[in-house]
Asker: 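This is the structure I have questions about; it appears just below.
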2 protein chains.
Amino acid sequence: MDFAKDQSAGYLVNHVARLFEQGLKRRIRPLGLSPGTFPALLELWEHDGLTQKELVIRLDIEQPTMANTLARMERDGLVIRKKDDSDGRVQRIWLTDRARELQRPAVAAAMAENADAMASLADHERELFVALMRKIIKARSGSGSRR
Amino acid sequence: MDFAKDQSAGYLVNHVARLFEQGLKRRIRPLGLSPGTFPALLELWEHDGLTQKELVIRLDIEQPTMANTLARMERDGLVIRKKDDSDGRVQRIWLTDRARELQRPAVAAAMAENADAMASLADHERELFVALMRKIIKARSGSGSRR
DNA sequence: GACATTTGAATAGCCCGCTATGCAATAATA
DNA sequence: TATTATTGCATAGCGGGCTATTCAAATGTC
């Protein structure tokens with residue numbers, strides 16, 4: 001009984017995530033990007049040529065989800081996938097020029113969206129919010145429910 | 001530059017939302033429920049016979065998403081949809097016996113998941129977390145970006 | 001060296017969110 | 001009252017998440 005949805009962390013976090021995603025989507029659409037590509041791009045901008053497996057681990061996302069996202073990214077001319085020379089199983093992911101050029105505007109858009117969505121929070125509240133989420137993630141995916 | 005993803009609220013909130021959803025999914029699968037039905041069920045358990053439109057407004061979700069979710073729910077024997085007598089456009093949504101019986105175990109599962117996911121937070125941190133998210137939602141969807 | 005195991009990626013199929021669009025019923029208006 | 005506008009819902013199509021399964025390459029083991 002008495003499950004007040006506006007007091008349920010799970011309910012709220014889903015709502016907030018949707019708001020963030022929608023905002024980001026609007027902002028990066030002009031760049032020809034969609035939100036799902038963002039995490040992969042962030043990693044690749046820092047470390048071009050990562051393996052699909054490495055992306056999966058770094059982003060804590062399931063392998064088929066990553067494979068699917070990368071397929072879309074390749075289709076859209078953001079990356080190319082090449083087999084590793086020394087191991088025929090692994091796919092290495094390389095950014096295209098276009099993707100490299102998008103770094104500045106895309107990061108700017110994401111930062112703007114973050115700022116905007118949290119505009120109603122005071123500075124210390126923002127830091128708190130981020131810190132709390134990191135704590136949850138750490139506890140959860142760190143020693144998480146390995147099946 | 002220097003967009004640290006572990007400091008980006010948008011990035012983190014997406015991650016946390018995924019963790020919550022996966023946890024809930026595992027917990028309610030035995031009941032034959034999926035996470036997407038939860039918000040609608042919560043409303044209907046309190047107010048059976050709501051309109052699709054009313055659900056859309058209360059849950060801040062797009063109309064086609066709701067229509068789709070309700071179609072799945074009807075398929076799975078959770079609700080039935082009946083045209084309103086006095087207005088042939090509106091669909092009223094009525095719970096089945098099965099859905100009513102699921103209230104207790106489903107709510108228990110959600111509460112357990114919430115508790116579990118936030119187990120690493122102190123009590124006051126949990127309250128803070130919830131309060132911050134409500135603040136964000138209020139500022140955002142309240143006077144939000146009406147196109 | 002042959003066979004079994006492990007590992008990385010791809011595919012199939014589903015849930016659930018979105019936008020854009022179409023359609024039928026009602027309400028408003030000339 | 002005939003036409004137009006509005007309103008509520010459904011459909012099409014896609015992005016992005018998941019699980020389960022398959023496949024090929026590499027590794028281990030006998």
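Letters go in sequence order (proteins before strands), and every chain restarts at 1.
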Asker: Do you reckon A:I57 sits in the same ILVMFWY cluster as A:M66, going by side-chain contacts under 4.5 Å, direct or chained?
Answerer: no
Asker: What I want to find out is whether B:R140 reaches A:D116 closely enough, with some N-O distance under 4.0 Å, to be called a salt bridge.
Answerer: yes
Asker: Figure out the CG/C1' separation between B:N14 and D:dC18, and round it to whole Å.
Answerer: 13 Å
Asker: If you look at every strand shown and take non-hydrogen atoms under 4.0 Å, does B:P35 touch a base, only sugar-phosphate, or nothing?
Answerer: sugar-phosphate
Asker: Rounded to whole angstroms, how far apart are CD on B:E21 and P on D:dT19?
Answerer: 10 Å
Asker: Determine yes or no for a side-chain-to-main-chain donor-acceptor pair under 3.5 angstrom, with A:T51 supplying the side chain and A:V90 the backbone.
Answerer: no
Asker: Of all the choices, D:dG15, D:dG17, C:dT11, which nucleotide is nearest to the side chain of A:A67 once you look at every atom?
Answerer: C:dT11
Asker: Honestly curious: do B:W94 and B:L50 fall in one hydrophobic cluster under the side-chain, below-4.5 Å linking rule?
Answerer: no
Asker: Spell out, as yes or no, whether a donor-acceptor pair under 3.5 Å connects the side chain of A:R92 to the backbone of A:G49.
Answerer: yes
Asker: Using heavy-atom distances to pick each residue's nearest nucleotide on DNA chain C, tell me which of B:T37 and B:Q63 is more 5'.
Answerer: B:T37
Asker: In whole Å, I'd like the distance from the CG atom of A:N68 to the P atom of D:dT19.
Answerer: 14 Å
Asker: Can you check the B:F20 CZ to D:dC18 C1' distance for me, whole Å?
Answerer: 18 Å
Asker: Report the distance from atom CE of A:M66 to atom P of D:dC18, rounded to the nearest whole Å.
Answerer: 11 Å
Asker: Pick the closest DNA chain D nucleotide for B:T65 and for B:V90 by heavy atoms, then say which residue is nearer the 5' end.
Answerer: B:V90
Asker: Separation of A:R26 atom CZ from C:dA20 atom P, in whole Å?
Answerer: 12 Å
Asker: Once you round it to whole Å, what is the distance between C1' of D:dT19 and CZ of B:R18?
Answerer: 15 Å
Asker: Classify the nucleic acid contact of A:R92 as base, sugar-phosphate or nothing, counting any heavy atom under 4.0 Å across all strands shown.
Answerer: nothing
Asker: Would one find a side-chain N or O of B:R75 under 4.0 angstrom from OP1 or OP2 of C:dC15?
Answerer: yes
Asker: So does B:Q22 get a side-chain nitrogen or oxygen closer than 4.0 Å to the phosphate oxygens (OP1/OP2) of D:dC18?
Answerer: yes
Asker: When you measure from every atom of DNA chain D, which of residues 49-60 of chain A have a heavy atom less than 4.0 Å away?
Answerer: none
Asker: Starting from C1' on C:dG8, measure out to CG on A:L70 and report it in whole angstrom.
Answerer: 13 Å
Asker: Closer than 4.0 angstrom, basic N to acidic O: yes or no for B:E127 and B:R134?
Answerer: no
Asker: Any ion pair linking B:D48 and B:R100 (charged N to carboxylate O, less than 4.0 Å)?
Answerer: yes
Asker: To check you understand the geometry: which heavy-atom pair defines the closest contact between A:F38 and A:A106, and what is its length?
Answerer: CZ-O, 3.3 Å
Asker: What does nucleotides 23-29 of chain C look like as a protein-contact string, B for base, S for sugar-phosphate only, - for none, at under 4.0 angstrom between heavy atoms?
Answerer: --BS---
Asker: So, using salt bridge (Lys or Arg N to Asp or Glu O under 4.0 Å) as the criterion, who are the partners of B:E21 when residues are at least two apart?
Answerer: none
Asker: Do B:L41 and B:I80 share a hydrophobic cluster, counting only Ile, Leu, Val, Met, Phe, Trp and Tyr and linking them when any side-chain heavy atoms are less than 4.5 Å apart?
Answerer: no
